[in-house]
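Atom set for the values below is all heavy atoms of this structure, side chains included, hydrogens, waters and symmetry mates excluded.
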Amino acid sequence: MGRIVVGVDGSESSVKALHWAVRQAELTGDTVEAVNSWEYPATSWASMMPGMPEDFDPQALATVALTETLEEALGAEGAAAISKIVVIGNPAQSLLDRAEGASLLVVGARGYSGFKATLLGSVSLHVTQHAPCPVTVVRG
């Protein structure tokens with residue numbers, strides 16, 4: 001029994017990738033690990049933002065967003081069967097790190113990024129070039 005890693009950022013493309021990964025896991029008997037990654041804004045952006053409230057917890061917000069996306073896409077029972085991983089870091093690198101030892105890495109063709117006009121998003125392009133395991137890019 002292996003592990004399928006899927007990137008889930010809440011975008012329509014990542015939800016399609018999630019559905020694909022779950023169906024693949026049903027065929028192979030693998031487990032599914034949904035990964036959401038977040039980063040603090042770059043220094044130039046941070047200097048333009050007002051101070052963050054003391055109780056601001058981006059890790060908790062990302063965890064809630066991932067859980068809600070899984071429950072909306074798969075229902076409560078389906079979401080409960082998925083391992084949820086939320087990490088701080090670059091999304092592409094976070095997926096590559098989690099894909100170590102995985103049987104498959106699944107990503108959507110485009111997520112929430114500034115590269116909407118490209119055929120493949122920057123994350124999917126990067127992971128297809130550097131992944132330690134096979135990669136499936138789910139297109140819309």
Side-chain angles (χ1 to χ4, degrees):
M1 191 157 125
R3 178 173 53 95
I4 298 173
V5 175
V6 58
V8 180
D9 67 1
S11 66
E12 182 179 334
S13 181
S14 75
V15 171
K16 288 179 181 180
L18 172 65
H19 283 288
W20 194 96
V22 168
R23 284 192 306 273
Q24 182 66 20
E26 290 169 355
L27 295 172
T28 61
D30 291 343
T31 61
V32 177
E33 181 178 283
V35 178
N36 182 306
S37 178
W38 63 275
E39 294 181 289
Y40 281 105
T43 306
S44 61
W45 284 99
S47 65
M48 295 169 32
M49 296 171 54
M52 294 289 174
E54 284 186 33
D55 63 345
F56 178 69
D57 185 353
Q59 181 78 14
L61 291 173
T63 301
V64 168
L66 177 59
T67 301
E68 288 177 353
T69 298
L70 294 177
E71 288 178 356
E72 287 174 19
L74 306 173
E77 186 176 322
I82 306 295
S83 296
K84 298 158 197 69
I85 307 294
V86 177
V87 295
I88 301 169
N90 172 274
Q93 189 59 53
S94 297
L95 287 170
L96 292 173
D97 292 345
R98 295 302 308 178
E100 284 291 333
S103 55
L104 183 65
L105 172 59
V106 181
V107 293
R110 286 185 296 231
Y112 286 132
S113 72
F115 299 101
K116 297 281 185 192
T118 62
L119 184 60
L120 283 181
S122 59
V123 171
S124 55
L125 181 61
H126 188 79
V127 300
T128 57
Q129 294 172 341
H130 302 285
C133 65
V135 178
T136 297
V137 179
V138 178
R139 296 197 44 178

Just grab all the side chain to side chain donor-acceptor pair (under 3.5 Å) pairs involving [range], residues at least two apart or on different chains.
| range | result |
| --- | --- |
| residues 69-83 | none |
| residues 88-108 | Asp30-Ser103, Glu33-Arg98, Ser37-Ser94, Gln93-Asp97 |
| residues 16-25 | Glu12-Lys16 |

Given the rule that I, L, V, M, F, W and Y join up when any side-chain heavy atoms are under 4.5 Å apart, are Val138 and Val32 in one cluster?
yes

Working note: Val5 + Leu104, criterion side-chain contact (heavy atoms from CB on, under 4.5 Å); need CA distance, chi angles, decisive distance, verdict.
CA-CA 6 Å; Val5 175; Leu104 183 65; over 6 Å; no

For the student: nearest non-hydrogen atoms of [X] and [Y], plus distance:
| X | Y | answer |
| --- | --- | --- |
| Ala109 | Val137 | CA-CG1, 3.7 Å |
| Ala73 | Val15 | CB-CG1, 3.8 Å |
| Cys133 | Ala102 | CB-O, 3.3 Å |
| Val135 | Val127 | CG2-O, 3.8 Å |

Please list, chain by chain and in numerical order, all residues satisfying side-chain contact (heavy atoms from CB on, under 4.5 Å) with Ala34, sequence neighbours excluded.
Val6, Val8, Leu66, Leu70, Ile82

Take Val106 and Ile4 through the test side-chain contact (heavy atoms from CB on, under 4.5 Å) and record every step on the way to the result.
CA-CA 7 Å; Val106 181; Ile4 298 173; 3.8 Å; yes

Would you indicate whether the side-chain heavy atoms of [Y] and [X] approach each other to under 4.5 Å?
| X | Y | value |
| --- | --- | --- |
| Thr63 | Leu61 | no |
| Glu39 | Ile88 | no |
| Thr136 | Leu105 | no |

Distance from Leu18 atom CG to Ser13 atom OG, nearest 0.5 Å?
11.5 Å

Of all residues at least two apart in sequence or in a different chain, which pass the ring pair (Phe, Tyr, Trp, His ring centres under 6.0 Å) check with His130?
His126

If a pair satisfies salt bridge (Lys or Arg N to Asp or Glu O under 4.0 Å) and one of its residues is in residues 78-90, list it, with sequence neighbours excluded.
none

Short question: side chain of Ser14, backbone of Asp9 - any donor-acceptor pair under 3.5 Å?
yes

